[in-house]
Number of protein chains: 2
Amino acid sequence: MHETKAGPPAPVAAHEVLAVIFQIRQRRLSVLLWRRARPPYEGMWVLPGGRIGATEGLDESIRRQLAQKVDVCDLTHLEQLETRGDPGRHPNGRTLATSYLGLVPAGTDPATPEDTTWHPASDLPPMGFDHAAMVHAGRRRLRAKLSYTNIGFALAPREFTMSELSGYYSAALGHDVAATNLRRVLLRRGQIEETGESVPSGRSGGRPAALFRFRARELEITDAFAVLRPPSRE
Amino acid sequence: MHETKAGPPAPVAAHEVLAVIFQIRQRRLSVLLWRRARPPYEGMWVLPGGRIGATEGLDESIRRQLAQKVDVCDLTHLEQLETRGDPGRHPNGRTLATSYLGLVPAGTDPATPEDTTWHPASDLPPMGFDHAAMVHAGRRRLRAKLSYTNIGFALAPREFTMSELSGYYSAALGHDVAATNLRRVLLRRGQIEETGESVPSGRSGGRPAALFRFRARELEITDAFAVLRPPSRE
DNA sequence: ACAAAAGTGTTGAGGGTACACCCATGG
DNA sequence: CCATGGGTGTACCCTCAACACTTTTGT
């Protein structure tokens, strides 16, 4: 079954990896897009990525290809999203595509080539192929994970104030998040901790803000079993 | 970037689709496996599936291939899990694999070929390739979705009593689920409703059990925004 | 002193588990 | 009338949103 012994020749197809790279920029969730210079979809915007190499894994491949677009040091999170393989998705012939969700922390400004720019995720330009659907899948995934994992670490810089962090959450979720309650939720879950330092207040006054950091910088599920959790005792 | 204009020939690879098919059988979460008749991994157990056809989509392909193993009418849910593409995952040459999670309702007994049998998911036989990892991914996905979606509809038959349903949940989750509370949770969420009929009690007596059904028979998220939900008013 | 921004205390609602209790049926 | 299994009522707990109130700074 895995090797068809007879019958039609083994079907093979081109395979590409693509990345939905998000960053909070100017208080908006933004995605890194690349402007296509030739048909099909010439002049439209597409996700960065490309064909996989003959001997590399999928994760490996998207990391390699992103290194040309985004400094790898800036990429704080990367996870697989979905694979699309409708026969008609690529006009030039059968091509499967595996998309990834990547996150870059706010505050950094990775050097990107001229033909790639950041676009607000809520106001996408005309996009080629099925890439717009992938952006939406990425946004859904991010929003969901913000509520039950520590994925915020990948959106925020190493250290941050609570009002900054609530800004990142608001931008990603698309609605207001009160800094005062966010602080308690993330502290109770053990996601963040105080650094002990604080930021002097600006010219308009105000109490100086304490600095926080995420305790872990890799994905952890902090709120599993919200319901239907196992019984407390046997 | 999508079409390498020069350089090495376009890298292509074989692509297969595989399915982690779960069903609750004898109060255990079971997975349908196929016994390999030839190397590599001869005699070990693998997931049903195979190479995709030249002109079919991924979902289409796995559905077609499963039709030979499991009656399609019995397949109440199917969703993509993950794609694996490590160069070394297939000894006979580069092969990418996209795995799916499929569910068959309890009570049915789909006709399966001789070389496929059901195995308890918590006690897997020796498995070939990276298929055991896919089974675990499937089980994690199922467990997670049981707590925030109506995916139970795909595990249960059309109509069921609450104690039967709690049995399915217990088997899938791996811990006890009290029928009395499950009833309230699922009713409040609008996932299930009474049919109005009931099942006569057995020879040992007891009050007759009311029959329920799921209101929807496709996946719905019923408990989104458990936390960090949008503000109640603007 | 006053405005501004950060942080704390408190209240109330919602949703879930646990468990005692009531109900319907067979022997 | 008792055992058995289903169904209801309820108490408690935990988490979070909302909001008033306090603290700390700049001008």
Side-chain angles (χ1 to χ4, degrees), chain A residues 146-150 152 159-167 169-170 173 175-212 221-234, chain B residues 146-150 152 159-167 169-170 173 175-212 221-234:
Chain A
L146 276 173
S147 87
Y148 69 92
T149 73
N150 66 343
E159 303 193 341
F160 47 84
T161 67
M162 283 315 297
S163 67
E164 284 163 3
L165 189 63
S166 89
Y169 273 74
S170 301
L173 290 171
H175 62 76
D176 277 1
V177 174
T180 173
N181 287 331
L182 184 64
R183 171 205 187 95
R184 265 184 291 227
V185 170
L186 298 188
L187 277 175
R188 165 167 26 199
R189 294 181 175 181
Q191 285 190 25
I192 61 173
E193 64 189 1
E194 281 193 75
T195 67
E197 287 171 63
S198 60
V199 166
S201 46
R203 38 206 157 292
S204 61
R207 179 168 167 173
L211 278 176
F212 290 80
I221 294 176
T222 59
D223 204 38
F225 296 120
V227 294
L228 299 183
R229 57 176 171 274
S232 45
R233 63 180 198 193
E234 312 244 317
Chain B
L146 275 173
S147 87
Y148 69 93
T149 73
N150 67 342
E159 303 194 340
F160 47 84
T161 67
M162 284 317 295
S163 66
E164 284 163 1
L165 189 65
S166 89
Y169 274 73
S170 301
L173 291 171
H175 62 77
D176 277 1
V177 175
T180 174
N181 287 331
L182 183 64
R183 171 204 186 94
R184 263 184 294 228
V185 169
L186 298 187
L187 276 174
R188 166 167 25 200
R189 293 181 175 181
Q191 285 190 26
I192 60 174
E193 63 189 3
E194 281 192 75
T195 67
E197 290 170 61
S198 59
V199 167
S201 46
R203 38 207 156 292
S204 62
R207 178 168 168 175
L211 279 174
F212 290 80
I221 294 174
T222 59
D223 203 40
F225 296 120
V227 294
L228 299 181
R229 58 176 171 274
S232 46
R233 60 180 200 193
E234 317 242 316

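Remember, it's a predicted structure, so these values are computed and weren't measured experimentally.
Under the side chain to side chain donor-acceptor pair (under 3.5 Å) criterion, A:Glu193 pairs with A:Arg213, A:Arg215, sequence neighbours left out. Partners of A:Gln191 according to the side chain to side chain donor-acceptor pair (under 3.5 Å) rule, which considers only residues two or more places apart in sequence or in another chain, are A:Thr222. Taking the ring pair (Phe, Tyr, Trp, His ring centres under 6.0 Å) definition, one finds that B:Tyr169 meets it with nothing, sequence neighbours left out. With sequence neighbours excluded, the residues that form a salt bridge (Lys or Arg N to Asp or Glu O under 4.0 Å) with A:Arg189 are A:Asp223. Looking at residues two or more places apart in sequence or on another chain, you find no side chain to side chain donor-acceptor pair (under 3.5 Å) involving A:Glu194. The side chain to side chain donor-acceptor pair (under 3.5 Å) search around A:Asn181 returns A:Arg184, not counting sequence neighbours.
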Quiz: residues 195-206 of chain B side-chain donor-acceptor pairs under 3.5 angstrom, not counting sequence neighbours:
{"unit_1": "B:Thr195", "atom_1": "OG1", "unit_2": "B:Glu197", "atom_2": "N", "d": "3.1"}
{"unit_1": "B:Thr195", "atom_1": "OG1", "unit_2": "B:Leu211", "atom_2": "O", "d": "3.3"}
{"unit_1": "B:Ser201", "atom_1": "OG", "unit_2": "B:Gly206", "atom_2": "O", "d": "2.9"}

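Across all strands, A:Ser163 comes closer than 4.0 Å only to sugar-phosphate atoms, never to a base (heavy-atom distances). If you check every strand for non-hydrogen atoms under 4.0 Å, B:Ala210 touches sugar and phosphate atoms only.
Note: OH (B:Tyr169) to P (C:dG16) measures 12 Å, nearest angstrom. Rounded to whole angstrom, the span from the CZ atom of A:Phe160 across to the C1' atom of C:dA6 amounts to 15 Å. If you take NE2 of A:His175 and P of D:dA18, they are 10 Å apart, rounded to a whole angstrom.
DNA chain C is contacted by A:Arg183, A:Arg184 of residues 183-195 of chain A, taking any non-hydrogen atom closer than 4.0 Å.
Nearest nucleotide to the side chain of B:Thr180, out of C:dG7, D:dG5, C:dC19: C:dC19. When distances are taken from the side chain of B:Asn181 to each of C:dC19, D:dC16, D:dG26, the shortest belongs to C:dC19.
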Review item, nucleotides 1-3 of chain D N/O atoms under 3.5 Å of protein N/O:
none

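Within the structure, every side-chain polar atom (N or O) of A:Ser201 is placed at least 4.0 Å from both OP1 and OP2 of C:dA5.
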